[in-house]
Amino acid sequence: MKKLSKRFLTLAIACVMAMAMAVPAFADFDNGTTHTYHIKNNTIAGDYVYLNLYGTGGVYASRDVTVYPRTTSDDQVWYITNKVCDVKKVYNNRTDTSGNRYTLNINTNTNNCNVYPDYSSNDADSRVQIIGDMARFCIKLARSGLYVHALTDSTHNVLWSSSIQYWNELS
């Protein structure tokens, strides 16, 4: 009996350890607001690869998203959080003077990628699916199937495109 309870205890400890190691591997792509990252483009080469709010100053509606060399500014700090089932939103870490949070958003007239306040009236333009894991993923607009795509021209603009590019999250 003593041998059996030792084996059972050993098996229970092994199961707990296996679950503890598996949780990060199977964790959903929900960083919450406490885990923020620089999001880097894995597809294009060069220094202009970090998701970035264009320009300087505070965050505001329809502010363009570009790629830019890495900085320490909150303009490049993002987090991804769950909204419903496998639908998520990508938030910039900055808030406006009223405390509103801003998400990646599509300008439906131009397919330009910008940020917009997280209002329920704007959900369809900002809900995304993250395909992959933190080391390599693409960001897909849930309603249209377009992906976040960085241009390699002198504008370094980011838009929503049918062309897939891969990104990763770096602290």
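When reading the values below, keep in mind they use all heavy atoms of this one structure, side chains included, and skip hydrogens, waters and symmetry mates. Residues: numbered from 1 along the sequence shown. The structure presented is a predicted model; accordingly, all values stated were derived computationally and were not measured.
Few gaps surround OH on Tyr60; more than 12 heavy atoms of other groups in view lie less than 6.0 Å from it.
Hydrophobic clustering, defined by side-chain heavy atoms of Ile, Leu, Val, Met, Phe, Trp and Tyr closer than 4.5 Å, groups Leu159 together with Leu151.
One hydrophobic cluster, built from ILVMFWY side chains closer than 4.5 Å, holds both Val148 and Leu146.
Residues Asp118 and Asn100 fail the side-chain proximity criterion, which asks for heavy atoms closer than 4.5 Å. Proximity of Trp160 to Ile139: side-chain heavy atoms (C-beta onward) are separated by under 4.5 Å at one or more points. Between Ile80 and Glu169 the shortest side-chain heavy-atom distance falls below 4.5 Å. Within the 4.5 Å cutoff, the side chain of Arg143 has heavy atoms near those of the Thr108 side chain. Within the 4.5 Å cutoff, side-chain heavy atoms of Pro117 are placed close to those of Tyr102.
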Under the side chain to side chain contact (heavy atoms under 4.5 Å, CB included) rule, what do Leu104 and Trp78 come out as? Steps first, then yes or no, please.
CA-CA 10 Å; Leu104 286 184; Trp78 305 86; 3.8 Å; yes
Apply the test side chain to side chain contact (heavy atoms under 4.5 Å, CB included) to residues Lys89 and Asp123: give CA-CA distance (whole Å), side-chain angles for both, the deciding distance (0.1 Å), then the verdict.
CA-CA 9 Å; Lys89 288 196 176 188; Asp123 263 0; 2.5 Å; yes
Show the numbers, then the answer: is there a side chain to side chain contact (heavy atoms under 4.5 Å, CB included) between Met134 and Tyr37?
CA-CA 10 Å; Met134 287 178 68; Tyr37 298 91; 3.5 Å; yes
Going through the distances and angles, do Val90 and Ile39 end up as a side chain to side chain contact (heavy atoms under 4.5 Å, CB included)?
CA-CA 10 Å; Val90 179; Ile39 298 180; 4.1 Å; yes
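Considering every non-hydrogen atom in both Ile44 and Val67, the closest pair reads CD1-CG2, 4.4 Å. Listed here is the closest heavy atom pair of Thr71 and His38: O-NE2, 3.0 Å. Contact between Asp75 and Arg63 at its shortest, heavy atoms only, is OD2-NH2, 3.2 Å. Closest approach of Ala135 to Asn42, counting heavy atoms only: O-ND2, 3.3 Å.
Residues Asp153 and Thr155 bring a donor and an acceptor atom of their side chains to less than 3.5 Å of each other. In this structure, a donor-acceptor pair under 3.5 Å is absent between the side chains of Asn157 and Asp64. Judged by distance alone, the side chains of Thr66 and Asn52 do bring a donor and an acceptor atom under 3.5 Å apart. No side-chain N or O of Tyr116 forms a donor-acceptor pair with one of Asp125 less than 3.5 Å apart.
Note that CG of Asn168 is 6.5 Å distant from CZ of Phe137, once rounded to the nearest 0.5 Å.
Using the six-membered ring where Trp is involved, Tyr48 and Tyr68 have ring planes that are perpendicular, over 60° apart on the 30 and 60° scheme.
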